[in-house]
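So you know, we letter chains A, B, ... as the sequences are listed, proteins then strands, and number each from 1. Keep in mind it's a predicted model, so treat the numbers as computed, not measured. Computation of the quantities below employed the complete heavy-atom set of this structure, encompassing side-chain atoms and omitting hydrogens, waters and symmetry-equivalent molecules.
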Amino acid sequence: MTTAEQLQLLTAGTTRVISAGELADRLDAGRPLRVKLGVDPTAPDIHLGHTVALEKLRQFQQLGHQAVLIIGDFTATVGDPSGRSATRPPLTRDEVLANAETYTTQAFKVLERGRTEVVFNGDWFRRMSYEEVLRLNSQVTLQQMLQREDFHTRIDAAQEVRLHEIQYPIMQGWDSVEVRADVEIGGTDQLFNILVGRDLQKAHGQPPQVAVLMPLLEGLDGVRKMSKSYGNYVAVSDPPAEMFGKLMSLSDELMDRYYQLLLGAGRDPAGHPMEAKKDLAERLTARYHDPAAAAAARADWDTRFSRRDLAAAELPELALTELPAGLTVVALAAHVFATVFGLPKSNGEIRRQFVTAGAVQLNGARLDDPNATVTLRPGDVLRLSKKHAVRVR
RNA sequence: GGGUAGGUUCCGGAGCGGUCAAACGGGGCAGACUGUAAAUCUGCUGGCUCACGCCUUCGCUGGUUCGAAUCCAGCCCUGCCCA
């Protein structure tokens with residue numbers, strides 16, 4: 001493949017490349033490029049937001065380049081202030097290591113394992129002496145750091161910024177020096193950090209890395225970027241039905257965004273939006289599970305939500321034998337929420353939100369008397385809300 | 001170190017001795033509508049009973065008072081100005 005062809009492929013879908021000319025020069029050299037992507041294991045799951053950059057990294061791999069996946073076990077304990085309006089809560093070392101484990105596993109749902117170098121940045125940072133830290137710090141000015149929007153908006157809003165937070169860009173930059181990155185991939189919010197990497201590389205006699213910036217994927221709420229801490233994410237490890245269901249809850253507008261960023265193409269403008277959404281959900285579910293599971297998830301979603309046929313739908317099971325006898329509607333609903341769905345709810349909430357509102361139904365009949373006792377039989381379908389229902393076994 | 005402004009329920013933010021479980025907005029949840037959605041509308045949003053009422057909560061610890069989120073003292077934490 002010619003440089004021009006590679007360049008075209010590699011810049012597709014990016015927001016910005018700094019600079020395309022530099023990237024072309026590197027490609028011309030003909031050797032495999034070292035392409036860096038850093039992820040901080042601050043949560044146990046990789047989500048679709050991460051996959052935008054991961055997919056780009058895979059493209060590089062497919063063209064024969066070397067992926068360098070940096071697990072920010074050290075930086076995770078500091079917390080990236082990018083886009084943050086407040087200091088991140090610190091993670092313990094154990095949490096970080098556990099997360100790193102699942103992260104790498106999940107990242108290989110996208111990346112080719114054989115062509116990926118995985119490194120932990122704690123390997124160099126934990127060894128660094130205070131002297132070295134100071135030397136690093138001397139290469140960056142406070143003014144540069146304060147130019148960052150994240151910091152000065154917080155400062156303007158009279159909110160605290162702690163000193164360790166302004167270390168973050170320096171650390172991320174140093175990672176680039178350590179791995180001798182030719183290219184770094186990141187979200188647009190990583191621009192500043194990646195540029196610091198360029199500066200540090202130059203200062204250490206390396207050619208500065210090319211910055212490849214990817215658009216940020218909005219989360220399910222359509223407003224904020226996808227993030228575990230906002231609870232608006234679709235995890236790569238979500239089971240098929242859940243993944244499919246979450247994707248179906250997208251607004252039409254967001255669906256177009258997902259099409260662009262995750263599938264790299266627009267949807268058929270002539271088709272019905274809901275069909276397009278089902279296609280999107282099925283394709284992504286197939287990508288992280290398999291086509292059969294995705295098709296099953298789609299079929300089940302149809303019976304459950306389109307046709308509202310709970311009786312025929314695939315539902316979690318409730319073992320009758322494990323239930324205390326003579327439960328009231330409220331007690332039963334609370335029990336099912338807690339044990340089947342892992343959502344402990346107070347009796348008051350169950351009564352108010354669910355029972356009185358008519359959300360709780362047995363085989364389609366409303367159970368709106370909170371204190372009535374319920375007798376369940378095997379095969380019964382107990383609905384707690386639109387999204388929560390179980391089949392009695 | 002000095003001065004000053006603050007720390008309120010998931011978040012923002014009112015309250016400034018009783019009528020406060022605490023306005024209002026956001027978020028969240030449930031229902032109606034619909035293409036499961038979005039938008040819109042309605043309701044709920046500390047816990048127990050749900051009827052009265054009771055219990056826990058307004059940075060922490062004590063105190064004043066019949067009674068405190070509201071007053072006082074000490075402590076912890078944060079912003080801003082000064083050094």
Whole-angstrom distance between [N] and [M], as gauged at atom [atom1]:
{"N": "B:rG31", "M": "B:rC80", "atom1": "P", "result": "46 Å"}
{"N": "B:rG25", "M": "B:rA14", "atom1": "C1'", "result": "11 Å"}
{"N": "B:rC52", "M": "B:rG27", "atom1": "C1'", "result": "33 Å"}
{"N": "B:rA68", "M": "B:rC48", "atom1": "P", "result": "25 Å"}
{"N": "B:rA69", "M": "B:rC20", "atom1": "P", "result": "13 Å"}
{"N": "B:rG28", "M": "B:rA37", "atom1": "P", "result": "14 Å"}
{"N": "B:rC16", "M": "B:rG6", "atom1": "C1'", "result": "14 Å"}
{"N": "B:rA32", "M": "B:rC71", "atom1": "C1'", "result": "50 Å"}

Quiz item: Can you tell which of A:Q206, A:R198, A:K36, A:H204 makes a side chain to side chain donor-acceptor pair (under 3.5 Å) with A:S176?
Solution: A:K36
Measure the distance from [atom1] on [X] to [atom2] on [N] and round it to the nearest whole Å.
{"X": "A:Y259", "N": "B:rA37", "atom1": "OH", "atom2": "P", "result": "19 Å"}
{"X": "A:N371", "N": "B:rC48", "atom1": "CG", "atom2": "P", "result": "13 Å"}
{"X": "A:E349", "N": "B:rC50", "atom1": "CD", "atom2": "P", "result": "17 Å"}
{"X": "A:K387", "N": "B:rG28", "atom1": "NZ", "atom2": "C1'", "result": "11 Å"}
{"X": "A:M274", "N": "B:rU34", "atom1": "CE", "atom2": "P", "result": "13 Å"}
{"X": "A:L384", "N": "B:rC29", "atom1": "CG", "atom2": "P", "result": "15 Å"}
{"X": "A:R224", "N": "B:rC10", "atom1": "CZ", "atom2": "P", "result": "16 Å"}

Practice problem: Determine the contact category for A:K386: base if any of its heavy atoms lies under 4.0 Å from a base atom, sugar-phosphate if only primed atoms, P, OP1 or OP2 are that close, otherwise nothing. | Solution: base
Exercise. Looking at every strand, decide which applies to A:G348 at a 4.0 Å heavy-atom threshold: base, sugar-phosphate, or nothing.
Key: base
Practice problem: Measure distances between side-chain N and O atoms of A:D252 and base N and O atoms of B:rG35, and say whether any donor-acceptor pair falls under 3.5 Å. | Solution: yes
So, is [X] close to the [N] phosphate, meaning a side-chain N or O under 4.0 Å from OP1 or OP2?
{"X": "A:R352", "N": "B:rG47", "result": "yes"}
{"X": "A:S346", "N": "B:rG47", "result": "yes"}
{"X": "A:S385", "N": "B:rA30", "result": "yes"}
{"X": "A:R383", "N": "B:rG31", "result": "yes"}
{"X": "A:R308", "N": "B:rU36", "result": "yes"}
{"X": "A:R366", "N": "B:rG31", "result": "no"}

Quiz item: For B:rA32, which nucleotide in any strand shown is its Watson-Crick or wobble partner with both distances under 3.5 Å?
Solution: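 B:rU40 is the nucleotide pairing with B:rA32.
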Self-check item: Complementary nucleotide of B:rC10, counting Watson-Crick and G-U pairs under 3.5 Å
Solution: B:rG26
Practice problem: Quick one: sort the A:H388 and A:F341 rings into parallel, tilted or perpendicular, breaks at 30° and 60°. | Solution: perpendicular
Exercise. Could you check whether the rings of A:W301 and A:F305 sit parallel, tilted or perpendicular, using 30° and 60° as the cut-offs?
Key: tilted
Quiz prompt | Comparing A:N347 and A:K277 on RNA chain B - which has the more 5′ nearest nucleotide | solution = A:K277
Quiz item: Has A:K345 got its NZ or CZ under 6.0 Å from the middle of the six-membered ring of A:F337, at an angle within 45 degrees of the ring axis?
Solution: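 So A:K345 does make the cation-pi contact.
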Quiz prompt | Cationic tip of A:R267 above A:Y259 ring, under 6.0 Å, 45° of axis | solution =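 Judged by the rule (NZ or CZ under 6.0 Å from the ring centre, within 45° of its axis), A:R267 is not positioned above A:Y259.
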